[in-house]
Structure formats: C-alpha cells, structure tokens
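Throughout, protein chains are lettered first and strands after them, A, B, ... in sequence-line order, and every chain is numbered starting at 1. All values below were derived from every heavy atom in this structure, side-chain atoms included, with hydrogens, water molecules and symmetry-related copies excluded.
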Amino acid sequence: MKDDLQRLLLAAVRSLEGSLLPGPIDPQAVALERTRDAQHGDFASNVAMRLAKGAGLKPRELAERIVAALPADPLITRTEIAGAGFINFTLARDLYARELARVHELGEAYGRHMPATRRKVLLEFVSANPTGPMHVGHGRQAAFGDALGHLLAAAGDIVTREYYVNDAGRQTEILAVSVWVRYLERCGEVLPFPQNGYRGDYLLPLAVALQARVGEALRHPAATVTMDLPADAIPGATGGDKEAHIDALIARCRALIGAAAWQDLLRSSIDAMMDEIRDDLAAFGVRFDHWVSERAFAESGAIDRALDRLRERGLLYTKDGAEWFRATQFGDDEDRVVVRDNGVKTYFASDIAYHLDKRERGHDQLIDVLGADHHGYVTRVRGGLQAFGHPGDCLEAPLIQLVALYRNGEKVSMGKREANFVTLRQLREEVGNDACRIFFLMRSNDQSLDFDLELAKSKSNENPVFYVQYAHARVASVMKELAARGIGWDPSRAQATVLAHGAELLCGAHAEAMLSALSRYPEVIRHAAAQRAPHALVHYLRELATTLHAFYNAERVLVPDEAQREARVYALLAVQQVLRNGLAVLGASAPESM
RNA sequence: GCGCCCGUAGCUCAGUUGGAUAGAGCGCAUGGCUACGAACCAUGAGGUCGGGAGUUCGAAUCUCUCCGGGCGCGCCA
C-alpha cells in the first residue's frame with residue numbers, strides 16, 4: 001500500500017527535477033511515513049521541508065508545487081499541506097478493502113517481500129561451546145537469531161543459518177578431563193576437583209556412561225594422578241594457579257590413559273554435549289542449515305591457507321616467538337596473535353579463516369549474533385576480512401545483552417561454572433516455549449533483560465504473550481460460533497462483498513484503526529528486518545491485537561445483516577492471518593483455543 | 001585509563017535516514033458482560049526524554065561535555 005503511494009510521490013518530485021529542484025534527487029529523501037494522528041490522514045511526507053533549501057523556496061510553497069505535480073490517481077482522495085510543510089495524504093477507503101483481499105489471497109505469504117536483487121546472508125548464531133548445556137543467555141541468542149532469520153527471509157534475503165561448533169581447543173580438553181575426574185570419583189578415587197574444571201552435575205551422566213563403557217580401564221590411583229601437579233588456586237588460600245594446574249592435569253590424563261583413549265574421551269564428551277545442545281534447540285523450534293565443525297575446518301587446512309595468504313600480503317610478523325596479525329592497520333587497538341609461541345594457532349586465527357570462508361562461499365552479508373561480552377572481538381574479525389579486501393561493513397554483529405531471571409521478585413544467580421545454573425531446558429519446561437520466545441524478544445537486543453518467571457507463567461493481562469494469542473484464538477472462537485449457529489460461510493462471496501462495499505461496511509474508528517494496523521504489516525517486516533529488530537514485530541503484534549480486541553468489544557460480528565456479517569468476519573480472518581504470520585516469524589504458536 | 005551498550009511516566013520499556021501535541025503495558029482511579037471468549041474493552045491522572053552546551057525552520061534522535069549503571073579490554077574461547 002505504501003509502495004504505491006511512494007511511487008506517485010516520487011514521480012511528482014522527479015517531474016520538478018531540473019526545473020524547480022536542483023538534481024539529482026536522492027530517492028531516499030522522498031520519504032513517506034504513517035501518520036501518528038488520524039487527523040493528518042494516512043501518510044505524511046516531509047519531502048518539501050527537506051528539499052526546500054536547495055530549491056530556494058519556503059517549504060509550504062514547495063509542498064504546493066509538489067502536490068500540483070502529483071499524477072491524478074484514485075488512490076489519493078485528499079492531500080493537505082500542514083504544519084511547517086508536511087504533505088498529508090488521505091487514501092481511498094476501498095484500498096483497505098483491497099488490502100484485506102490481498103491478505104486472504106496471499107495467506108502465509110502476506111508480508112513477504114521479493115526484491116529484484118536478493119542478498120545472500122550468512123547468519124551465525126548461538127555457537128555455544130559444547131562444554132555444557134545451553135543456559136538462558138544462549139536461549140535469548142537462539143530466539144533472536146531464529147526470529148532474525150525468519151525476518152530477513154520474509155524481507156527477501158536468502159538466509160543460511162549456521163552454528164559453529166567449537167569442538168577443538170583447550171576448552172574441550174578441560175571438558176574431557178573434568179569427565180575423567182568424575183569417572184575416577186565414581187571408581188572410588190578421592191581427589192580434589194580442579195577449580196578450573198566444569199563442575200556441573202550435567203557431567204555425571206557422562207562419567208557413568210564412560211564407566212559403563214570402559215569399566216576400570218581408565219582408572220589410576222589418585223596419588224598417581226595428582227603427583228607433583230602445580231598447585232591449584234584454592235579459594236581462600238594464597239598462591240596456586242588454576243590454569244597451570246588444569247593444563248598439567250590434562251597432560252597427566254593423556255599420559256596415563258594413552259593418546260587413543262584420550263581422543264575417545266574427548267570426542268565422546270563433545271558429542272554428548274552437542275547432542276544435548278541440538279536437542280535443546282530442536283525442542284525450542286530453532287533450526288540450522290549447517291553445523292560447521294571447527295576441528296574439521298582446521299583439518300581441511302583452511303586456517304593454514306588463510307594465514308599463508310596473510311603472510312604473502314605482509315600482514316603477519318613475528319615477535320616474542322609468536323606470530324601476529326597487523327590488526328591495527330584495520331582499526332583495532334592492538335595487533336593480535338594468530339600463532340602462539342608454542343606453535344598452537346589461536347581461536348582468532350580460526351575465526352579469520354572461517355569468516356573468510358563464509359565470504360568465499362558467496363555470502364554478501366555476514367551476521368554474527370553474539371553475547372554482549374564478545375563485543376571487543378568484532379573489530380579484529382572485521383579487520384581480518386578487510387585484510388583480504390572484503391568491505392568492513394559486510395560483517396555485522398548484533399550483541400545480545402544478559403538475561404537475569406527473577407523468581408518472586410528475587411534475582412536467580414547464574415554463574416557459568418556454578419553447579420546449579422538455570423538451563424534453557426529448565427526455563428522452557430517451566431514457562432513454555434511461547435512465553436520463552438516472546439519474553440526473549442520483546443526487548444531490544446541491546447537492552448539487558450529481566451525475565452520474570454511468575455509473569456511469564458501467569459495467564460493474566462500482564463502477560464503480552466497471552467494477549468496476542470488470545471486475539472488469534474478469539475477469531476477462531478467466532479468461527480466456531482458461526483458454524484455452531486449453522487450460518488454459512490463462503491469466502492469468495494465475502495470477498496466480493498468486501499471489494500464492492502467494504503468502505504461502507506467497515507467504517508468507524510475501530511474498524512479503520514484495525515485495517516490501518518493490518519496494512520502496516522509488510523512495512524513492519526521490512527523495518528524490523530532492516531533494523532535487525534525482532535522486538536519491533538512483537539510491539540506491532542500487540543498493537544494489532546489491541547485494535548482487534550477494541551473492534552470486537554465495540555461491534556458484534558455475527559449480526560443478522562448478511563453483508564455486514566460477511567465483511568466483519570472477513571476482516572477478522574485477515575487480522576488472524578497476520579497475527580499467525582507474525583507469530584510464526586517470532587517462532588511462537590498461534591493457538592485456536594487457549 | 002580506553003572501547004561498546006544503556007539512562008524516556010511510580011515500575012518495565014517502545015520511539016533510527018532529525019518532524020506535527022513524546023507513546024505502550026503494568027500499577028492507580030472510574031465505568032462496561034441476560035452478549036460471538038471480561039485472558040477483553042472504555043475514560044482519566046501521571047514526563048525538566050539523566051544534567052549542560054552546540055548544530056537548525058525543527059532534537060528523545062546528530063555533535064561535544066559531565067553524571068550514573070552494565071560489559072569488555074589474554075599468546076582464553
């Protein structure tokens with residue numbers, strides 16, 4: 001609807017180009033927006049105010065010239081110049097009837113855009129380390145990434161969703177050694193648990209499974225295991241180094257059980273964690289196209305090739321026994337190590353290569369959804385891409401702020417390596433997927449989120465999830481009532497009625513507000529996608545639901561007058577469709593009854 | 001110290017190429033079911049948009065500065 005008007009306005013402004021207005025005219029300057037106040041019509045443009053200076057005219061004078069240049073079109077029933085130079089447009093009421101018909105015709109596709117050129121977007125999100133179960137912070141990232149993927153696809157991008165599995169590196173070794181210590185405990189050995197290990201209960205089943213699989217084959221006396229290890233950093237005690245301690249413990253484990261058993265332990269531990277993460281995501285309704293293994297990626301030689309190319313370009317140098325990337329040439333604060341003095345490549349080296357690979361697979365835009373604590377990392381990865389000649393702005397990283405859970409007004413503590421933190425699974429089981437999704441999404445991603453467990457569970461009007469779903473269910477309920485009363489329903493006849501007389505049948509403030517909100521949906525999708533802002537859609541759905549509830553309370557739907565009844569049912573079904581489409585983008589269900 | 005995010009109604013928050021009288025939910029006050037779902041609706045009160053300066057026809061929005069809160073600054077990932 002907006003696009004049609006935009007074309008007319010642009011044509012009018014273009015017709016003045018060269019004569020009244022100095023060219024060339026930036027189409028971006030010819031902006032239209034929905035009016036806040038119905039007294040100002042349906043749409044308003046500030047183009048006259050923006051171009052007045054260049055034209056040497058007062059804004060209101062230029063506005064008049066633009067209005068005079070507008071092509072005659074039945075679309076516009078009234079134009080008005082108001083305020084400092086706004087041009088207000090009032091559109092033909094039957095346009096809204098036509099929009100209703102469009103919703104019915106397009107169904108699930110209503111609101112989707114198909115631009116002439118579609119960008120290929122690589123969306124990476126979650127990518128949680130396989131060292132423990134997903135926690136609520138990952139849940140927010142998953143909800144955001146999934147909704148953003150749907151949004152971008154609806155806006156016309158070609159979206160690939162990817163999860164980068166960090167199945168290589170030191171963290172996974174710490175995982176494996178943590179499992180081994182739990183296993184030793186089960187075998188009856190008594191030894192201190194390393195401070196830097198993963199101490200969560202979730203590792204116990206892995207230790208049990210290991211014991212069932214290998215018996216006592218990997219058992220060694222506690223004294224042998226801990227002999228001459230560097231002191232651990234015990235809380236309250238002085239001295240000790242938890243990093244040195246656990247590294248030595250890893251080396252000890254490897255030496256005692258042998259390389260083959262170590263690899264097996266490592267791999268089975270990672271696999272078990274990844275299985276759990278995959279299950280969690282699937283149960284949450286989050287889907288990925290690719291699961292990229294860091295280990296496989298490294299073994300393919302891609303990282304070495306990327307480093308070679310940087311070396312050829314003179315962007316690496318050696319200092320203090322390590323190899324450094326000249327990140328400062330690309331705006332970073334300092335140069336960054338890619339190969340440590342022990343010869344091991346850093347995570348950063350792998351990420352340079354991985355992001356380069358994303359581009360070389362043909363993606364125009366790379367989006368990394370990251371936890372807010374990773375923000376310092378973006379500049380250097382972008383620098384890595386720029387080193388290969390890619391534009392810096394092809395990588396963007398929406399940052400997801402922390403989630404704090406509240407139960408009975410009290411904050412629930414959640415340390416990463418604490419024994420009991422709240423997992424995504426526990427949260428989902430407590431409040432349900434839908435509430436989980438909407439609560440994660442209703443705030444801007446760069447706003448930290450207070451998640452009120454009681455509120456999410458409450459079936460009260462404080463809970464926005466139910467408010468929107470209730471609007472959807474209410475329409476379903478009307479249809480059930482219609483069937484129960486034996487009233488016939490013929491969609492094509494209703495459509496004919498609405499197209500012929502919709503403007504008269506669906507008049508009044510409540511109906512008009514509802515139809516106006518409905519017709520905004522495609523604009524909301526485009527805006528929310530462009531801004532990477534799923535929360536904008538949540539707010540919109542609430543507004544649309546409000547207009548439906550208001551209409552419903554003001555007007556009876558199943559009235560004796562056949563045309564009136566058809567028109568109202570037809571409108572309600574269209575709103576229901578848009579609610580369903582929007583909820584689907586957010587990954588929430590649209591129930592027929594509640 | 002440097003970098004990023006945040007500060008808007010009592011509370012939780014919307015408000016991005018700068019636009020008209022700054023919005024919503026909750027809470028509070030009052031009213032609405034012999035009714036297709038009251039998990040709803042209607043009306044009302046409630047604001048120095050953290051402070052100050054600047055840019056301009058116009059600033060919650062852009063710039064600078066100060067204050068307050070969060071996060072990050074490793075040859076970890």
Atom-to-atom span, [atom1] of [X] to [atom2] of [N] - whole angstrom:
X: A/Tyr467; N: B/A39; atom1: OH; atom2: C1'; answer: 11 Å
X: A/Ile438; N: B/A14; atom1: CD1; atom2: P; answer: 15 Å
X: A/Asp341; N: B/C76; atom1: CG; atom2: C1'; answer: 14 Å
X: A/Leu405; N: B/U12; atom1: CG; atom2: P; answer: 17 Å
X: A/Asn46; N: B/A59; atom1: CG; atom2: P; answer: 15 Å
X: A/Leu402; N: B/C5; atom1: CG; atom2: C1'; answer: 11 Å
X: A/Tyr377; N: B/G74; atom1: OH; atom2: C1'; answer: 12 Å
X: A/Leu579; N: B/C40; atom1: CG; atom2: C1'; answer: 15 Å

Going from [atom1] on [X] to [atom2] on [Y], what distance comes out if it is rounded to the nearest 0.5 angstrom?
X: A/Arg443; Y: A/Arg140; atom1: CZ; atom2: CZ; answer: 9.5 Å
X: A/Ser477; Y: A/Leu482; atom1: OG; atom2: CG; answer: 11.0 Å
X: A/Ile270; Y: A/Glu173; atom1: CD1; atom2: CD; answer: 9.0 Å
X: A/Leu175; Y: A/Asp167; atom1: CG; atom2: CG; answer: 11.5 Å

Which part of the nucleic acid does [X] contact within heavy-atom distance under 4.0 Å: base, sugar-phosphate only, or nothing?
X: A/Ala82; answer: base
X: A/Lys58; answer: nothing
X: A/Asn445; answer: nothing
X: A/Ala471; answer: nothing
X: A/Ala536; answer: nothing
X: A/Ala550; answer: sugar-phosphate
X: A/Asp320; answer: base
X: A/Gln401; answer: sugar-phosphate

Exercise for the section: Kindly state whether the ring of A/Phe144 and the ring of A/Phe440 have centres lying under 6.0 angstrom apart. Expected result: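 Distance test on ring centres: not under 6.0 Å, no.
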Practice task
Examine A/His549 together with A/Tyr467 and report whether their ring centres are nearer than 6.0 Å.
Solution key: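 A/His549 vs A/Tyr467: aromatic centres under 6.0 Å.
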In whole angstrom, give me the gap between the [atom1] atoms of [N] and [M].
N: B/U63; M: B/C26; atom1: P; result: 35 Å
N: B/C41; M: B/G25; atom1: C1'; result: 15 Å
N: B/A14; M: B/C5; atom1: P; result: 15 Å
N: B/U8; M: B/A24; atom1: C1'; result: 12 Å
N: B/A29; M: B/G10; atom1: C1'; result: 15 Å
N: B/U17; M: B/A59; atom1: C1'; result: 15 Å

Candidate nucleotides [options], ranked by approach to the side chain of [X] - the nearest:
X: A/His374; options: B/A20, B/A14, B/A77; result: B/A77
X: A/Arg542; options: B/A77, B/C5, B/A24; result: B/A24
X: A/Arg443; options: B/A20, B/C13, B/A77; result: B/C13
X: A/Glu33; options: B/A77, B/G19, B/C75; result: B/G19
X: A/Thr546; options: B/C41, B/C76, B/A20; result: B/C41

Who is the Watson-Crick or G-U wobble partner of [N], with both distances under 3.5 Å?
N: B/A77; value: none
N: B/U12; value: B/A24
N: B/G37; value: none

Exercise for the section: Flag the pair A/Glu323 and A/Arg340 as a salt bridge only when some basic side-chain nitrogen lies within less than 4.0 angstrom of an acidic carboxylate oxygen. Expected result: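 Here A/Glu323 does not pair with A/Arg340 in a salt bridge, since their nearest N and O are not under 4.0 Å apart.
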Do [X] and [N] share a donor-acceptor pair, side chain to base, under 3.5 Å?
X: A/His549; N: B/C41; answer: no
X: A/Asp373; N: B/A77; answer: no
X: A/His539; N: B/G15; answer: no

Handout entry: Under 5.5 Å and under 30°: A/His40 stacked on B/A20
Key =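 Given the distance and angle limits, yes, they stack.
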Exercise for the section: Just jot down the ring-ring contact (aromatic ring centres under 6.0 Å, His included) partners of A/Phe43, sequence neighbours excluded, or say none. Expected result: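 With neighbours one apart ignored, the set is empty.
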Exercise for the section: Mind telling me whether A/Tyr377 and A/Tyr347 have parallel, tilted or perpendicular rings, with 30° and 60° as the class edges? Expected result: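 If you compare the ring of A/Tyr347 with that of A/Tyr377, the planes turn out tilted.
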Exercise for the section: Measure the acute angle between the ring planes of A/Phe325 and A/Phe330, then classify it against the limits of 30° and 60° as parallel, tilted or perpendicular. Expected result: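 Ring orientation, 0 to 90° scale: parallel.
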Hey, what are the protein-to-nucleotides 33-37 of chain B N/O distances that come in under 3.5 Å?
unit_1	atom_1	unit_2	atom_2	d
B/C36	O4'	A/Arg485	NH2	3.2
B/C36	N3	A/Val557	N	3.0
B/C36	N4	A/Tyr552	O	3.4
B/C36	N4	A/Glu555	O	3.1
B/G37	OP1	A/Ser477	OG	2.4
B/G37	OP2	A/Ser477	OG	3.2
B/G37	O2'	A/Tyr470	OH	2.5
B/G37	O2'	A/Arg474	NE	3.0
B/G37	O2'	A/Arg474	NH2	3.4
B/G37	N7	A/Ser477	OG	3.0
B/G37	O6	A/Met594	N	3.3

